[in-house]
Structures are given as C-alpha cells and as structure tokens.
Amino acid sequence: MVQFHEHIITELLENSNGGLVVLSSGLSLSKLVSSLLLLRSSSEGTLLLLSPSSTSLKSNIIFHLKTLNPQFNQIPAEITADLPAHHRHALYTSGNAFFITPRILIVDLLTNKLPTSKIAGILVLNAHSLSETSTEAFIVRIFRSLNRSAYVRAFSDKPHAMVSGFAKAERTMKCLHVRKLHLWPRFQVYVSQELERDPPEVVDIRVPMSKYMVGIQKAIIEVMDACLKEMRKTNKVDVEDLTVENGLFKSFDEIVRRQLDPIWHTLGKKTKQLVSDLKTLRKLLDYLVRYDAVTYLKYLDTLRVSESFRSVWIFAEASYKIFDYAKKRVFHLARSDGTKFNELSKGVKKKKRKSKVDDKVIEEAVDGTSSSTLNAGLVLEEVLEESPKWKVLREVLEEVEEERQKEGMLREELFPEGEDTNNGIVLVACKDERSCLQLEECITSSPKEVMREEWKKYLLNKVQLRDIVNKKKKPKDFKPKGFGILDGVTPIAPAQSAETTSISKQEHDALLAAASKLRNVSENDHVKDTPQPDIGGQGSGKRKRKVGIRKVPIVLDGLGVQNNDKEESVGNKIGMSDSKNEVNEDEINHVSAGRFSEIMEEGTSVENIVLRKHTNPDVAEKTGKPLPPVHFYALESDQPILDILKPSIVIVYHPDMAFVREIEVYKAENSSKRLKVYFLFYEDSTEAQKFEASIRRENGAFESLIRQKSMMMIPVDQSEHCLGSNYAYESDLNTLQNSVTRKAGGRKEADKEMQVIVDMREFMSSLPNVLHQKGMRIIPVTLEVGDYILSPFICVERKSIQDLFMSFTSGRLYHQVETMVRYYRIPVLLIEFSQDKSFSFQSASDIGDDVTPNSIISKLSLLALHFPRLRIIWSRSLHATAEIFASLKANQDEPDETKAIRVGVPSEEGIVENDVRAENYNTSAVEFLRRLPGVTDSNYRAIMDGCKSMAELALLPEERLAELMGGHKAARTLRDFLDAKYPTLL
C-alpha cells in the first residue's frame with residue numbers, strides 16, 4: 001500500500017461520522033477501498049457498498065482484495081432483487097461486506113426488512129453522480145434517521161465533476177449527511193513526495209505529424225472556431241465556455257446542453273445543428289491521431305453522405321481542405337503520361353472551388369475533350385501514408401530489445417526471482433481495442449501490408465456498394481410504367497446521385513475500376529485456390545476479402561504490387577463500421593484487453609498466458625531485427641493491467657492522464673523494480689494540447705474545491721450530527737405549525753400522515769425520494785396496475801418523455817390505460833418533464849393541423865378520445881409532481897395496501913366476495929352491455945349495480961330500467977331492442 005493511502009484511511013477512521021474523499025483520477029481508488037475493507041472486522045457489523053454504475057470498479061476492488069491478501073476469504077458478494085427477503089435478512093445480519101444495488105436497499109429500508117442496528121456503515125463509490133433527488137441520497141437520509149451512530153463514507157476520483165454546477169461539493173455532503181471533505185490532489189504534499197521519490201525513467205518522444213495531418217488539424221480547428229463564433233452570435237450560451245480548448249473534451253457537450261436544454265424548443269435548427277457539429281468535429285480531431293489514413297477517409301465518406309445536407313460545418317470555408325488532404329494521404333489521380341492534375345489553369349481551380357470539388361480533379365469540359373477520353377487516360381496512384389507513430393513504435397521496440405540483450409535480462413540464472421524484478425514484458429497502452437489490433441498487425445507483419453489491407457477493404461466496399469445499387473435498379477427495367485415508387489427502387493437513386501455529385505465523376509470511376517480489377521483478380525485466384533479449409537464457414541463478403549490477399553500482383557498504377565501471403569488478413573481480424581468502432585472478437589488470436597475480466601474471475605496465472613501468446617519467432621524472420629514480448633492494452637477496458645502483468649517497459653501510445661498516474665502509483669509500490677516509460681506525442685498536436693489541458697482542468701477543479709472547503713457551511717444539530725439537505729423544509733413545517741397562536745396557544749391538530757403506494761419498479765426514478773421529502777409515507781409493493789396509488793379511486797401511471805414515446809411505439813401504454821380504466825374510478829396518466837429541460841414536446845412550428853400516425857400529439861389525442869375517463873396531468877418537474885400528488889390527496893381517503901396488491905392479480909382460490917381481481921370482472925359482459933342501445937358511459941355503472949347478470953337485465957320492466965338509466969327515453973330504446981322479434985324464414 002502506498003503511504004498516502006494510509007493517510008487517507010487514517011483520516012477516515014478518525015471520524016466516526018464518515019466523510020467525502022475526492023482524489024485525483026488514476027490514484028487507484030479501487031486499491032484504497034480494498035485496503036479499507038481489509039482493515040474492518042465482522043464484529044463491527046455489516047458493511048454495505050452501493051454498487052457503482054461501472055462494473056470495472058467493482059471487479060478491480062475484488063481483484064485487489066485477492067492480491068493484497070490471498071488468505072482473505074470474505075470477498076464481498078452482491079445482494080440483488082433475485083434473493084428472497086429472508087435470505088437478504090440473513091446476509092444483513094452476518095457482519096460481512098456486500099455490494100448491493102440502490103433499488104433493493106431503499107425498498108428494504110422502507111419495508112423495515114433491513115436491521116439498521118446491525119449495519120456498521122455504507123460506502124458510496126460514485127459520489128460525483130449524486131444529487132438531492134438521487135436514490136443514494138434517499139438511502140442515506142432514511143438510514144441516518146434510523147441509525148445515527150453508523151458512518152457513511154463516499155469516494156470520487158472525478159474532481160471536475162464535483163465542481164459542475166453551484167456548490168456541488170457542499171450539496172453532495174449535505175445529501176450524504178457528512179461534515180468532513182478530504183481532498184487529495186496530485187499536488188498534495190504526501191502524494192507528490194511519494195510519487196516523486198523514486199520516479200520511473202521517462203523518455204518523451206515527440207513525433208512530427210505529416211504535412212497533410214497538420215493541414216487537416218489546422219482546417220478542423222478553423223471550422224470549429226467558425227462554429228463557435230456562430231454559437232456566440234445566438235447569445236444563448238456563456239461566452240467563457242465557448243473555447244476550442246474546452247471543445248476538445250466530451251464534457252463540452254454537457255456544458256452546452258446544460259445551458260441550452262431549458263430553451264431547446266425556442267432554438268432554431270441552425271443552433272441545434274451547431275451543437276451536433278461541434279461533437280462531430282471533436283471526433284474528427286480525435287480520430288486523426290488515432291486511426292490510419294484509409295480508415296479516416298472512410299469515416300469522412302460516411303460524414304459526406306450522412307451530413308451533407310443538414311450540417312453547418314461542412315459548408316464552412318476551410319472544410320474542403322479536410323476532405324482534400326484526407327484523400328491525398330491515401331491516393332491521387334494522374335494521367336497515364338505522367339501529367340498531374342494540379343498543373344491546371346487557375347480558372348478551372350476557381351470553378352472547382354465553387355462546386356466543392358477537390359483541386360486534384362479536373363472538370364469534364366477541359367480542353368474540349370470528353371469524359372470518356374479523359375477517363376481512358378486516368379491512373380489511380382496509391383499514396384497510403386502510414387501513421388508516423390508506427391515507425392517510431394517499431395524503433396522503440398527494437399531499441400528495447402537491444403538493451404535487454406546487452407544488460408543480460410534474459411539470463412534467468414542471475415535472477416532466481418526474475419519475474420518479480422524484470423520479466424521483460426513490454427506494455428503498449430492504446431485508446432481502444434481496434435488500435436491495439438492494428439498496432440499488433442503492424443509489428444507482426446509490416447505497416448505497408450496493414451495499409452494495403454485497409455486500402456483493399458476500402459476499394460472492395462466501393463464495388464460492393466455499386467453492385468447493391470445496380471441489383472436494386474435492374475428490376476425496374478422489366479416492370480411496366482407506374483411502378484417504382486412503391487417497390488423500393490426509386491429511393492435508392494438520390495443516394496447514388498448524391499455520391500456522384502459530391503465526388504468527381506473521374507475519381508469515382510477510377511476507384512471503381514481499381515476495385516473491379518481487385519475483385520476480378522480475387523475471383524480468379526479463388527478458382528485456383530478453391531480447396532481452402534478455413535474459408536468454408538464464412539460468408540461471401542468475408543471470403544472475397546480473404547481471397548483477395550493472395551500471391552497475384554494487382555496493377556493499379558502501372559506498377560506490379562506484390563501481396564504478402566499471410567494466412568490471416570486484417571480484414572478478418574478487424575470488423576469496423578465507418579461510424580462505430582466494432583471489433584470482430586471471434587477471430588482475434590492474440591490476447592486482447594477484454595480477456596482480463598475472464599482471467600481475473602478464473603484466477604489463472606496471467607503472466608504465463610500473456611507471455612505464451614506474445615513470443616513471436618516469426619517477427620525476427622520478417623523484419624530482420626528481434627522484438628521483445630509485447631502486450632497491447634486498451635485504456636477503455638479499465639483493468640488493473642499493471643498489477644496483472646508487472647511490465648518493465650511501458651509505451652504510452654495514446655497519452656492519458658489517469659493511466660500516467662497509475663504508472664506512478666505502480667512504481668511507488670514497486671520501488672525496487674526498474675521501470676522505463678516511453679511517451680509518444682504528436683508534436684504541436686491537439687493530442688498533446690488535450691493531455692496538458694486535462695491536467696490544468698483537474699488542478700483548477702481542486703483549487704476550486706479547496707476554496708469551497710474554506711467557506712463551506714454544513715449545518716449540524718446539538719449532537720454534532722449533520723442535518724442534511726432537507727432540514728430547512730422540516731423547520732419550515734415547525735414554524736408553520738406554531739404560527740397560529742390564537743387557537744389554544746398555537747397548538748395544532750396533528751395532520752394525518754399521507755400515504756402513497758409505489759410500485760417496486762418506480763424506485764429507478766427519483767420521484768419516491770421527492771415524495772418522501774414532502775412528508776409522505778412511501779409503501780413499496782409490487783403492483784400489477786399503475787405505478788402510484790394515491791387513494792382507493794386514484795391510480796397514476798407515470799411516464800417520462802422518453803418512456804412515453806417508447807410506450808406509444810410498443811403499444812404498452814394502451815394496455816396500461818385499459819387496465820387502469822377497468823379497475824379504478826379516476827385513472828391518471830402523468831407526463832413528467834425533466835426540470836432542466838424545456839417544458840414542451842416540440843416547438844409550435846412542428847405541430848401540424850392534421851392527425852398523423854407519427855405525431856405524439858395525435859397519439860395523445862386518440863388516447864384521450866378512446867378513454868374518456870382518463871385524466872392527463874402535465875408536470876414540469878419532480879417537485880411539481882409532488883405538489884400535484886398532495887393536492888390530489890387532499891380530500892381523499894388513504895389507499896389500502898392489501899387491496900392495491902390484489903388488483904389485477906389472477907385468483908387461485910376461486911371467487912371471493914367483494915374482491916376486485918380480474919377473475920371477478922366479466923369484461924366481455926361489460927363490453928356487451930356498453931354496446932346496447934340506450935346504454936352510455938354515464939349510466940352503465942348504475943345498470944351493473946341494479947342487476948347481477950345480462951339475464952336479469954333482460955327481464956327488468958321498463959319502469960325499473962328508467963330508474964337505473966336516468967330517463968324513460970333510454971329505457972324505452974333498450975326495452976324495444978330486447979323485445980324485438982327475430983326474423984325467421986318460416
């Protein structure tokens with residue numbers, strides 16, 4: 001354990017009330033919690049850990065518990081709703097530590113199934129996500145009211161999230177009922193001294209970007225700056241937040257949306273599109289330094305098609321450079337006589353600029369020649385620019401292997417415990433798993449082969465897209481006129497025309513010609529190499545890709561291109577769509593980051609597995625220089641890779657602040673171990689700028705927290721216990737009660753406690769918490785009909801906006817309203833909006849005059865017409881809903897829990913008198929009754945009360961019917977219908 005972890009634990013143990021710990025990201029929160037769990041004893045009582053939203057944190061805690069103390073046998077299990085109540089009660093009283101989901105914990109607290117006296121404390125692992133209305137705050141409030149001596153300890157390793165909004169840290173502490181705030185930034189004295197006492201050897205390598213990469217980055221920043229200027233003109237967002245540096249982070253979207261959500265329905269389409277465009281531009285900057293040139297061009301092609309008509313950024317002045325330079329990194333066109341297209345007249349260039357066409361392509365009308373003669377002389381020349389970091393990574397690995405051999409690191413006889421000192425493992429840390437796989441291919445084969453494989457996939461995708469379009473166009477010729485719009489053919493045509501207008505005709509034809517050649521060669525080679533055992537189980541698309549990498553040269557630019565004879569292609573290892581990074585994990589032969597969760601669960605020897613998988617004897621034969629055993633790690637998998645592998649060399653391919661801190665902590669824990677770290681940065685890139693900005697942003701967050709801590713006011717009672725966030729509301733109730741002094745010295749009759757029966761599934765929302773804050777008693781049960789029962793007659797079905805749209809689409813809402821109308825006198829549909837968003841479905845301009853099946857307003861109107869007794873309530877926020885519930889309950893009786901549970905549940909013991917279950921409700925007879933002449937919504941219930949069956953109704957005289965139906969006219973209509981003679985043929 002590092003010493004600053006000991007200091008944190010000591011501070012926590014000194015205060016029996018608990019506290020909130022905020023530490024820098026990467027300082028191993030999972031190890032801190034594991035150490036805290038190891039120090040506790042079962043005699044203190046049961047410890048409950050609220051399950052975090054990220055499963056990786058929970059798995060890391062369990063892993064560190066096993067590694068810190070292998071004899072520790074009290075690994076926390078998880079308590080879920082699957083366990084029966086008596087089993088959960090036994091676990092609560094066992095004295096061990098358990099992970100528990102917030103939903104089942106709050107239900108057990110409200111139903112008194114949790115013995116709070118047996119609970120030593122609660123650990124909250126995601127304090128930055130708490131708010132006054134969150135379930136965790138609800139749990140702590142009830143738990144504190146039942147057990148004042150237990151502690152609540154909360155942790156967060158996201159300091160920038162603790163300063164979002166007004167006094168976020170203070171409000172979080174009031175929600176948790178804690179008084180102490182423990183701040184542990186990287187610049188804290190104990191932390192900095194320990195991590196800098198014996199730092200690892202660091203080599204900072206600045207890799208220059210290619211000229212086209214620099215051009216693309218400059219163009220993207222120009223476009224982003226132009227979009228930000230347009231955003232400033234709206235006067236809707238705080239100008240200080242609209243900077244390019246802030247735009248590099250994902251949190252920028254949250255900052256902008258938080259300010260725009262309340263007025264979202266008043267914004268124009270351009271402003272809404274600018275928010276989306278800034279997100280797209282941030283992705284373009286990120287993907288530029290993360291992916292290869294062909295993949296980047298493929299992503300740009302999808303953006304050109306998907307965003308060409310509605311986006312703002314694509315029409316910015318500098319946006320054409322992004323597409324132009326991206327193509328120049330991959331290919332360019334030339335004439336067969338060697339003349340390049342950039343040797344054109346200025347007039348042609350101006351013409352092309354206006355039509356948004358790249359300056360390497362010529363127009364069809366130049367020199368009066370036709371497009372066919374021009375196309376005949378076109379040659380597609382490959383550029384296939386490699387990522388500059390690939391070459392540097394290989395050089396670093398070769399240097400590492402030379403140093404290992406010189407220092408004799410492979411002589412195990414000198415190190416009887418060699419795996420603990422220097423095991424020779426080299427760890428390469430990348431952003432995502434796709435980058436790991438591609439780098440692995442670059443090292444095991446060569447960068448040129450990897451780029452050629454990506455290029456072949458790109459061309460084959462082009463020709464496959466053309467074949468799909470042609471297949472869908474063919475049936476049109478054989479059908480008579482009049483067909484086409486309804487048979488699915490015509491809608492394909494605009495997409496094709498859009499492609500040919502956005503890309504020049506010559507360039508498009510040249511790409512298709514090259515792809516057709518590649519496919520023809522592939523098919524010919526497939527005929528020669530038919531007996532392939534590994535091709536059998538794959539689809540045709542994959543087979544074509546795989547066969548296309550054989551020993552036949554492909555002539556694209558007049559030069560013979562010899563393909564390598566690898567057994568497996570990158571195409572079969574990596575399945576990536578254009579907009580989403582999806583890895584085809586079925587065919588990955590090397591250990592990937594995703595396997596570590598399985599390895600940790602199985603408890604097998606990880607070192608043996610990794611070393612066995614990454615000792616490649618073929619690498620030295622292919623490249624001429626040996627390479628060390630290498631393991632690739634995806635940072636997004638968030639696994640304790642350093643403690644699993646214990647590497648001696650770490651290469652940070654994609655810099656990440658949290659991972660750098662993990663390396664520092666790992667070196668501080670293993671001070672005797674030699675550790676060398678290589679950082680690969682692109683020089684003068686947004687990658688380096690984002691890394692430095694993330695450090696500045698975290699330091700700024702901690703400085704803000706330190707200032708808040710110095711001015712923080714946490715209210716406490718006489719016994720020095722924190723009063724929480726709702727003490728002001730409770731004091732208001734007391735002053736209101738004592739305000740009437742003319743009635744018996746201010747004495748007021750005790751109000752009856754309001755009760756609300758809540759469905760178990762509703763505890764995923766925050767409304768039960770707000771209702772409890774308003775002084776209502778919450779009774780959690782499993783309801784078949786409705787979500788909230790306010791009285792014996794009022795049943796409420798609550799829908800958030802997203803849930804309302806989904807329920808209409810699936811038809812679930814119709815069934816829910818139908819059952820509510822059947823069993824309750826006043827069925828209510830509550831439509832609840834979010835407090836920080838606009839109180840509007842859609843803008844007024846989007847609401848049409850006609851009823852359309854796709855309009856949400858039309859669907860609601862039809863629902864109200866179909867169920868006339870349904871009441872629809874619109875609520876602006878959770879607190880508004882609580883006020884509405886209180887006013888609805890004002891003159892109503894309290895609901896009966898036993899009856900509410902029985903509503904809609906099928907009976908097993910037969911018919912019970914006065915039962916309201918579905919079996920006692922003859923729905924067919926009621927529907928038949930309501931369709932009889934003279935029977936209306938206003939009198940059918942009186943008829944049901946006056947007669948027990950349809951047979952009895954048929955025998956009632958007209959005078960009795962008039963009493964039940966409220967008039968002689970309706971009674972005579974029904975009587976005439978019942979007495980009418982049935983016509984016969986005899």
Side-chain angles (χ1 to χ4, degrees), residues 26 199-214 216-217 248 285-293 295-296 329 385-404 425-448 450-451 581 593 614 619 623 625 627-637 641-642 645 647-664 666-667 674-695:
E201 183 183 351
V202 177
V203 180
D204 191 350
I205 302 174
R206 300 284 170 152
V207 183
M209 292 195 294
S210 66
K211 61 176 184 177
Y212 290 136
M213 290 177 72
V214 173
I216 292 172
Q217 178 179 283
L248 300 177
L285 272 178
D286 187 24
Y287 292 172
L288 175 65
V289 295
R290 198 194 299 187
Y291 296 134
D292 59 89
T295 304
Y296 193 71
R329 293 178 69 198
E385 177 183 286
E386 299 172 9
S387 176
K389 277 189 181 181
W390 289 359
K391 182 181 178 183
V392 175
L393 177 63
R394 177 171 283 277
E395 291 174 355
V396 169
L397 290 174
E398 291 172 356
E399 176 189 330
V400 166
E401 182 62 20
E402 288 177 7
E403 288 182 0
R404 286 176 70 244
I425 290 181
V426 178
L427 179 68
V428 179
C430 306
K431 190 77 173 175
D432 56 7
E433 200 158 352
R434 188 188 185 279
S435 302
C436 294
L437 292 165
Q438 195 170 52
L439 284 179
E440 195 170 3
E441 285 295 324
C442 290
I443 289 173
T444 53
S445 55
S446 73
K448 289 183 179 179
V450 172
M451 290 301 297
N581 301 334
H614 284 81
V619 176
T623 62
K625 289 187 179 181
L627 297 178
V630 183
H631 185 83
F632 294 90
Y633 167 62
L635 293 170
E636 63 183 11
S637 65
I641 188 70
L642 296 172
L645 289 182
S648 53
I649 306 286
V650 178
I651 301 174
V652 184
Y653 189 83
H654 292 135
D656 180 75
M657 181 185 68
F659 187 65
V660 172
R661 303 266 171 77
E662 289 175 20
I663 294 173
E664 289 183 309
Y666 167 71
K667 182 63 173 72
R674 280 195 54 197
L675 180 63
K676 193 171 185 179
V677 182
Y678 292 87
F679 286 100
L680 301 186
F681 282 100
Y682 279 116
E683 195 171 10
D684 299 327
S685 68
T686 54
E687 180 184 50
Q689 184 184 355
K690 184 178 179 181
F691 179 77
E692 294 163 2
S694 63
I695 297 175

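Values reported hereafter were calculated over all heavy atoms of this structure, with side chains retained and with hydrogens, waters and symmetry mates removed.
- Taking a cutoff of 4.0 Å between a charged side-chain nitrogen and a carboxylate oxygen, Arg329 and Glu385 qualify as a salt bridge.
- Put simply, the side chain of Ile649 does not reach to within 4.5 Å of the side chain of Val396, judged on heavy atoms.
- Distance alone, capped at 3.5 Å, is enough to place a donor-acceptor pair between the Gln217 side chain and the Thr686 backbone.
- Ionic pairing of Glu687 and Lys389 is present here: one or more N-O contacts between side-chain nitrogen and carboxylate oxygen are shorter than 4.0 angstrom.
- Cys436 approaches Cys430 most closely through the heavy-atom pair SG-CB, 3.8 Å.
- By the 4.5 Å heavy-atom criterion applied to side chains, His631 and Ile641 are counted as neighbours.
- Taking all atoms of both residues into account, the shortest heavy-atom contact from Leu680 to Pro655 is O-CD, 4.0 Å.
- Between Thr295 and Tyr287 the shortest side-chain heavy-atom distance does not fall below 4.5 Å.
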*List the steps, then state whether salt bridge (Lys or Arg N to Asp or Glu O under 4.0 Å) holds for Asp432 with Arg290.*
CA-CA 9 Å; Asp432 56 7; Arg290 198 194 299 187; 3.1 Å; yes
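- The CD atom of Glu402 lies 11.5 Å from the CG atom of Leu397; values are rounded to the nearest 0.5 Å.
- Scanning all heavy atoms of the two residues, the minimum distance from Ala429 to Leu635 falls at CB-CD2, 4.0 Å.
- Of all heavy-atom pairs between Phe659 and Val650, the closest is CE2-CG1, 3.9 Å.
- Of all non-hydrogen atoms in Ser637 and Tyr633, the two that sit nearest each other are OG-CE1, 3.3 Å.
- Val652 has its side chain within reach of Ile663: a pair of non-hydrogen atoms, C-beta onward, lies under 4.5 Å apart.
- Counting all heavy atoms, side chain and backbone alike, Pro628 lies closest to Arg404 at CB-NH1, 3.9 Å.
- A parallel orientation is assigned to the rings of Phe679 and Phe681, their planes being inclined by less than 30° (bins at 30° and 60°).
- Side chain of Gln438 to main chain of Val450: no donor-acceptor pair is present (N/O by atom type, distance under 3.5 Å, no hydrogens or angles).
- With rounding to the nearest 0.5 Å, the separation of NZ in Lys690 from CE in Met657 is 11.0 Å.
- Under the 4.5 Å side-chain criterion, counting only non-hydrogen atoms from C-beta, Thr444 is in contact with Glu441.
- Looking at heavy atoms from C-beta onward, Tyr296 lies out of side-chain contact with Met213 at the 4.5 angstrom threshold.
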_Steps toward side chain to side chain donor-acceptor pair (under 3.5 Å) verdict (Tyr682, Ser387)_ = CA-CA 11 Å; Tyr682 279 116; Ser387 176; 2.8 Å; yes
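- Taken to the nearest 0.5 Å, the CD1 atom of Ile651 stands 8.0 Å off from the CD1 atom of Ile205.
- Distance CG/Leu439 to NE2/His654: 7.0 Å, rounded to 0.5 Å.
- Interatomic distance, Leu642 CG to Leu427 CG, rounded to the nearest 0.5 Å: 6.5 Å.
- Counting heavy atoms from C-beta outward, Met209 and Ser685 have side chains that approach closer than 4.5 Å.
- For the atom pair CG (Asp204) and OH (Tyr678), the distance works out to 12.5 Å, reported to the nearest 0.5 Å.
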*Begin with the C-alpha distance, continue with both residues' side-chain angles, and end with the deciding distance and a verdict on side-chain contact (heavy atoms from CB on, under 4.5 Å) for Val677 and Val660.*
CA-CA 9 Å; Val677 182; Val660 172; over 6 Å; no
*Apply salt bridge (Lys or Arg N to Asp or Glu O under 4.0 Å) to the pair Glu664 and Lys667, showing each step before the final yes or no.*
CA-CA 5 Å; Glu664 289 183 309; Lys667 182 63 173 72; over 6 Å; no
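- Counting heavy atoms from C-beta outward, Asp684 and Val214 have side chains that stay 4.5 Å or more apart.
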